[in-house]
Structure formats: C-alpha cells, structure tokens
Amino acid sequence: DAKTTQPTSMDCAEGRAANLPCNHSTISGNEYVYWYRQIHSQGPQYIIHGLKNNETNEMASLIITEDRKSSTLILPHATLRDTAVYYCIVSSIQGAQKLVFGQGTRLTINP
Amino acid sequence: GAVVSQHPSWVICKSGTSVKIECRSLDFQATTMFWYRQFPKQSLMLMATSNEGSKATYEQGVEKDKFLINHASLTLSTLTVTSAHPEDSSFYICSPGGPNSPLHFGNGTRLTVT
C-alpha cells in the first residue's frame, strides 16, 4: 500500500474550518484514501473515504487533487471534541484489506 | 456505521496469567478480523489477521504462541494474551472486516500487566 505523509501536529480555533493535508504521491489507481481519527484512549473512528471524486458526509469533506497525489480533510466548523489524532491511509480494497497506520496529525482545537 | 463491541475495556492482571479479549461485530458478518496494538505515544501496529474458520496470520515479530487468536464465527473473535508480562501492557484494538465496507474498530482494551 502507498505511504502517506502528514504534518505531525496542527492547531485550529474552535468554530473555524480545520484543513488537514495528506500527501500520497505513490498512490495507485485502485487505491482509496481513507481518513480515521482517534480520540485519546479510544479506537479509531472512521470519518470518510474516496477514490478520486471529492466526498462529503455529516462529519467532513474530502478533497482529492486531480492527480490523486494529495488530499485534504476538512472539518467545516471545528469543535473542542474534534481534538484527536487524524490518520490518512491509502488502501486498495474496501473492507477486507488491512489498514496500515502512520503517525497521523495531532489536531488540537483551541477555545 | 458498523457496530463493534470489544471488551473488556480495561484489564489489570498479574505477570504470568492469561487474558482474553473479545471482539464482536454486531451488525455484519466479519469474514476477516484484524488485531492491532498501540503502545503509548505510538501509532497502531497490526499484530495479526484472521479469517473465519482458519488460522491467523501474524505480522513479523508477533509471537503466535503468545497471542492466541480464535475466529470461530462470523461475529466473534478473541485474542488471548498468554503468560502476560509487563512488556505486553498495551492498548489492544480489534477491527472486523467484511466485503465492500470501510473498516470499523472496537473501542480498545487497555491491558496493564503488573
């Protein structure tokens, strides 16, 4: 599976949009981009995933560049409860394929 | 999203004893089960992958005789840490997998071996 690169940490003010970047320059054509987050002492929580089109759900939006070499997760109105480690992962199969976690981005939402 | 039940959420045991962790997928059939562990300030590391009814595949460096995995049904898998030692203290997380769905994770089990 392709490797991803994320900033180690980011800060964002409460109520503002949090934009988390991810580079995956070696992504293959059949690999999806997944985003998970992990709040302290809990299991990872699925946020969103996409192949090449931008995606939006009730939690976030995912913007994937046209060349698919990078993506951005957008939390439109960050709250204190969004403080977590955010993981960007690429994987080729939905569901039955293991996910390889990098170090992620530690996002801190400040009041 | 998928509902995953993992328990216990935390356990403290004495060195040399065994601990069993259960993971249930409550609303779908998990043909595959992934077991991860996470040490403090580190990311999740995959320990093993099991398919229902067959033996688990362990990642390099993970002792199969120490971490026993049973995946006898499509809704339940267990991880038993045998003869636990303080270095096995960690956060263990399961993730049941099925076809055509993003993976979801249990809420983890914090194991402390004294």
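The sequence lines fix the lettering, A, B, ..., with proteins before strands; numbering per chain opens at 1. All values below come from the heavy atoms of this structure, side chains included, with hydrogens, waters and symmetry mates left out. Computed from a prediction, not measured in an experiment: that's the story for all the values here.
Environment of CD in Glu59(B): crowded, with over 12 heavy atoms of neighbouring residues, nucleotides or ligands closer than 6.0 Å. Within a 6.0 Å sphere centred on CE of Met45(B), other residues, nucleotides and ligands contribute 12 heavy atoms or fewer.
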Leu44(B) and Tyr87(A): CA distance, side-chain angles, deciding distance, side chain to side chain contact (heavy atoms under 4.5 Å, CB included) verdict: CA-CA 10 Å; Leu44(B) 283 79; Tyr87(A) 296 99; 4.2 Å; yes

Kindly determine whether Leu103(B) and Tyr36(A) satisfy side chain to side chain contact (heavy atoms under 4.5 Å, CB included), including the steps that lead there. CA-CA 10 Å; Leu103(B) 287 179; Tyr36(A) 286 79; 3.6 Å; yes

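Between Phe101(A) and Phe105(B), the ring centre distance stays below 6.0 Å.
Hydrophobic clustering of Ile, Leu, Val, Met, Phe, Trp and Tyr side chains at less than 4.5 Å, counting indirect connections, unites Leu107(A) with Val33(A). Residues Val85(A) and Leu46(B) fall within the same hydrophobic cluster, defined by Ile, Leu, Val, Met, Phe, Trp and Tyr side chains chained together at heavy-atom separations under 4.5 Å. Tyr32(A) and Tyr46(A) fall within the same hydrophobic cluster, defined by Ile, Leu, Val, Met, Phe, Trp and Tyr side-chain heavy atoms under 4.5 Å apart, directly or through other members. Linking ILVMFWY residues whenever their side-chain heavy atoms come closer than 4.5 Å, directly or via other members, leaves Ile63(A) and Leu75(A) in distinct clusters. Ile21(B) and Leu26(B) are assigned to two separate hydrophobic clusters, defined by single-linkage of ILVMFWY side chains at heavy-atom distances under 4.5 Å.
There is no contact between Gln45(A) and chain B, counting heavy-atom distances below 4.5 Å. Looking at Gln38(B), only its side chain comes within 4.5 Å of chain A, counting heavy atoms on both sides.
The stretch residues 41-79 of chain A participates, sequence neighbours left out, in no disulfide bond (SG atoms under 2.5 Å apart) pair at all.
Along residues 78-94 of chain B, the residues that come nearer than 4.5 angstrom to chain A, judged on non-hydrogen atoms, are Phe91(B), Ile93(B) in order of number.
Rounding to the nearest 0.5 Å places CG of Leu99(A) at 4.5 Å from OH of Tyr36(B).
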